[in-house]
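By convention in this document, chain letters (A, B, ...) are assigned in the order of the sequence lines, proteins followed by strands, and residues within each chain are numbered from 1.
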Number of protein chains: 2
Amino acid sequence: MAKELELRVDLVALTLRERQLQVLLEACADRAARMWRLPGRPLQPGRSLDETAELVLQPSCSAPGAYLEQLYTYGDPRRVPEKRVISVAYMALVPGDAALVPPGSDWHPVQQVPPLAYDHAEILEYALRRLRYKLEYTAVGFQLLPEEFTLSELQQTYEIILGEPLDKRNFRRRILAASVIEPTGRKRTGEGRPARLYRYKPDAVAEVKARRLFP
Amino acid sequence: MAKELELRVDLVALTLRERQLQVLLEACADRAARMWRLPGRPLQPGRSLDETAELVLQPSCSAPGAYLEQLYTYGDPRRVPEKRVISVAYMALVPGDAALVPPGSDWHPVQQVPPLAYDHAEILEYALRRLRYKLEYTAVGFQLLPEEFTLSELQQTYEIILGEPLDKRNFRRRILAASVIEPTGRKRTGEGRPARLYRYKPDAVAEVKARRLFP
DNA sequence: GTATATTCGTGTTTAGAGGACACGAACCTG
DNA sequence: CAGGTTCGTGTCCTCTAAACACGAATATAC
């Protein structure tokens, strides 16, 4: 009874909406169950895992070049009852202003996700742990922000993900010491004193990936 | 032209021999090429990835329960010319006194590995980077030692892997502060003053794995 | 235009962690 | 019992990380 083998790429796509960290979920085909699942697709012949992950991401992200990182491969024989399915899990960070809502899918706050099929809850948990951890020693945080952002916005992003308040001056000192962002010279005006705008340095993403200690 | 899909588990098994970190390699079937490769086997039907990795490890390790950890999954379509092969890479740490030499295989110092087939050199590089990194914030080091060991032996292990000398007193302070090892009460006698023997606490391995930040 | 509200941007002090560093203790050997 | 070898230990200092408050710049309301 050799069950058919399927190799999939499943994606934990995260974004910031309404001051919350949200994850993209797909309604299961089996509507009766009212279950949701991570978006994914079978490995495309002729394409790498990374490329397949990008294909999965495309419908939910208007801009190319979102941050994408392989997480872990799940292969327990009982994780999917019907078939033998091996899932290579990826995490994507989508800037808030680039997030789309593909039909049949929706973003859900990670604090209150609906019931997830298979072991997808475990995969999501793992992605969040990795993101929180990585936030502390790299600078992936601004991958969730638009191209230009203020330091206060960046700090809010960190606070949302880590779930704890951060000290303003210490935060700024550390971020600037890492020298992964630079001022654009422009300012964002609004309520109160205008804030300087920053962007991450073009090579900052490369640097984060080069530190491929836990890709 | 759908190439056949093969899902493999390939293993970077590391041990300490002759005061060097060594990796287990298999001679390629194609002898003419004089190439070597990481040991591995296709995913076993009905077994998980972890279980398959353990099967790969068994012939080279006399004791069960070696440290085993998933690293990364390699799936570039051109990494193996003939077929479409996806490899889930694992790392194993084998205590020096448990290392066996299966026929057709051999241990090689990681400083001077022979030419490796496919992208196996890249996989090995990645495993070493991960091990060195992990050494600094967890206590996987003693996974390479026999059940009882002295602090000097443990320090040597660290020095070999990190490739740099460490301060004796600072090393002891840090290791003991982490409280992952405990004295057995016994001593190892030999040249000079006898050394106290330590073992890692039974739950220390579990702790390292629980921190599954980058499994 | 003047007062008020709001957010931005900045420096110092202090506590804790990590690194450098040397010598007496215990045992074996000849 | 003298000499050789490895084991085991404590202090000082430096540097990193945390706590903490107020003037500056603009928008708005009066």
Side-chain angles (χ1 to χ4, degrees), chain A residues 16 19 96 132-139 141-142 145-200 211, chain B residues 16 19 96 132-139 141-142 145-200 211:
Chain A
L16 283 178
R19 304 204 157 213
R132 289 196 187 102
Y133 182 81
K134 206 150 187 174
L135 216 53
E136 289 179 2
Y137 78 97
T138 67
F142 42 66
L145 290 172
E147 207 169 327
E148 291 193 327
F149 51 86
T150 69
L151 285 182
S152 295
E153 288 166 351
L154 184 60
Q155 181 175 349
Q156 276 177 35
T157 304
Y158 274 67
E159 289 175 337
I160 290 171
I161 298 175
L162 295 176
E164 61 184 356
L166 301 173
D167 179 80
K168 189 174 175 180
R169 282 175 285 190
N170 292 337
F171 177 80
R172 287 170 184 238
R173 177 153 20 98
R174 275 175 49 186
I175 285 288
L176 294 176
S179 72
V180 287
I181 62 177
E182 58 188 5
T184 65
R186 292 151 49 87
K187 297 197 175 195
R188 169 167 305 163
T189 181
E191 190 126 345
R193 174 174 172 177
R196 305 173 74 176
L197 286 169
Y198 289 80
R199 64 170 154 250
Y200 45 88
R211 275 184 151 189
Chain B
L16 283 179
R19 304 203 158 216
R132 290 197 186 101
Y133 182 82
K134 206 152 186 173
L135 215 54
E136 289 178 2
Y137 79 98
T138 67
F142 42 67
L145 290 171
E147 206 168 328
E148 292 193 327
F149 51 86
T150 69
L151 286 183
S152 295
E153 288 166 352
L154 184 60
Q155 181 175 348
Q156 277 176 35
T157 304
Y158 274 67
E159 289 175 336
I160 290 170
I161 298 175
L162 296 177
E164 60 185 357
L166 301 173
D167 179 82
K168 189 174 176 178
R169 281 175 285 192
N170 294 336
F171 178 79
R172 288 171 183 236
R173 176 155 23 103
R174 277 175 47 186
I175 285 288
L176 294 176
S179 72
V180 288
I181 61 177
E182 58 188 5
T184 65
R186 293 151 49 87
K187 297 196 175 195
R188 170 167 305 164
T189 182
E191 191 126 346
R193 175 173 172 178
R196 305 172 75 175
L197 286 169
Y198 289 80
R199 64 170 156 252
Y200 45 88
R211 275 186 152 190

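The CD1 atom of B:I175 sits 13.5 Å away from atom OH of B:Y200, with the distance rounded to the nearest 0.5 Å.
Among residues two or more places apart in sequence or in another chain, the salt bridge (charged side-chain N to carboxylate O under 4.0 Å, His left out) test is passed with B:R19 by none. Applying the side-chain contact (heavy atoms from CB on, under 4.5 Å) rule to B:E148 yields the partners B:T184, B:R186, B:L197; only residues at least two apart in sequence or on another chain are considered. Not a single side-chain contact (heavy atoms from CB on, under 4.5 Å) links A:R174 to another residue, sequence neighbours left out.
Distance A:F171 CZ to C:dT10 P: 14 Å, rounded to the nearest Å. One interatomic measurement links the two molecules: CD1 of A:I175 to P of C:dC8, which rounds to 16 Å at whole-angstrom precision. Taking atom CG on B:L154 and atom C1' on D:dG8, their separation rounds to 15 Å, with Å as the unit. Going from atom CD of B:Q156 over to atom P of D:dT6 covers 10 Å, rounded to whole Å. Straight-line distance from the CZ atom of A:R188 to the P atom of C:dG9: 11 Å, rounded to whole Å. Put simply, CG on B:L151 is 12 Å from C1' on D:dT9, counting in whole angstrom units. A:E191 places its CD atom 21 Å from the P atom of D:dA24, with the value rounded to the nearest Å. The CG-P distance, from A:L176 to C:dC8, rounds to 15 Å in whole Å.
For the pair B:R174 and A:L197, both in contact range of DNA chain C, the more 5′-proximal nearest nucleotide belongs to A:L197. Of the two residues contacting DNA chain D, namely A:G190 and B:A195, the nearest-nucleotide position lying further toward the 5' end is that of B:A195.
Listed nucleotides C:dT7, D:dC7, C:dG9 differ in distance to A:R196; the shortest reach to its side chain belongs to C:dG9.
Within the 4.5 Å cutoff, no side-chain heavy atoms of B:R188 are placed close to those of B:R196.
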Would you list the protein and nucleotides 21-24 of chain C atom pairs, both N or O, that sit under 3.5 Å from each other?
unit_1: C:dC21; atom_1: N3; unit_2: B:R169; atom_2: NH2; d: 3.3
unit_1: C:dC21; atom_1: N4; unit_2: B:D167; atom_2: OD2; d: 3.4
unit_1: C:dA22; atom_1: N1; unit_2: B:R169; atom_2: NH1; d: 3.3
unit_1: C:dG24; atom_1: N2; unit_2: B:R193; atom_2: NH1; d: 3.1

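The shortest distance between the side-chain N/O atoms of B:R172 and the OP1/OP2 oxygens of D:dG8 is below 4.0 Å.
The ring pair (Phe, Tyr, Trp, His ring centres under 6.0 Å) contacts involving residues 164-189 of chain A comprise A:Y158-A:F171, where partners must be two or more places apart or lie in separate chains.
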Can you give each donor-acceptor pair under 3.5 Å made by side-chain atoms of residues 159-167 of chain A, sequence neighbours left out, with the distance rounded to 0.1 Å?
unit_1: A:E159; atom_1: OE2; unit_2: A:Q155; atom_2: NE2; d: 3.3
unit_1: A:E159; atom_1: OE2; unit_2: A:L166; atom_2: N; d: 2.9
unit_1: A:D167; atom_1: OD2; unit_2: A:R169; atom_2: N; d: 3.2
unit_1: A:D167; atom_1: OD2; unit_2: A:N170; atom_2: N; d: 2.9
unit_1: A:D167; atom_1: OD2; unit_2: A:N170; atom_2: ND2; d: 3.3

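In this structure, A:S152 reaches the sugar-phosphate backbone alone: every heavy-atom distance under 4.0 Å involves primed, P, OP1 or OP2 atoms, never a base.
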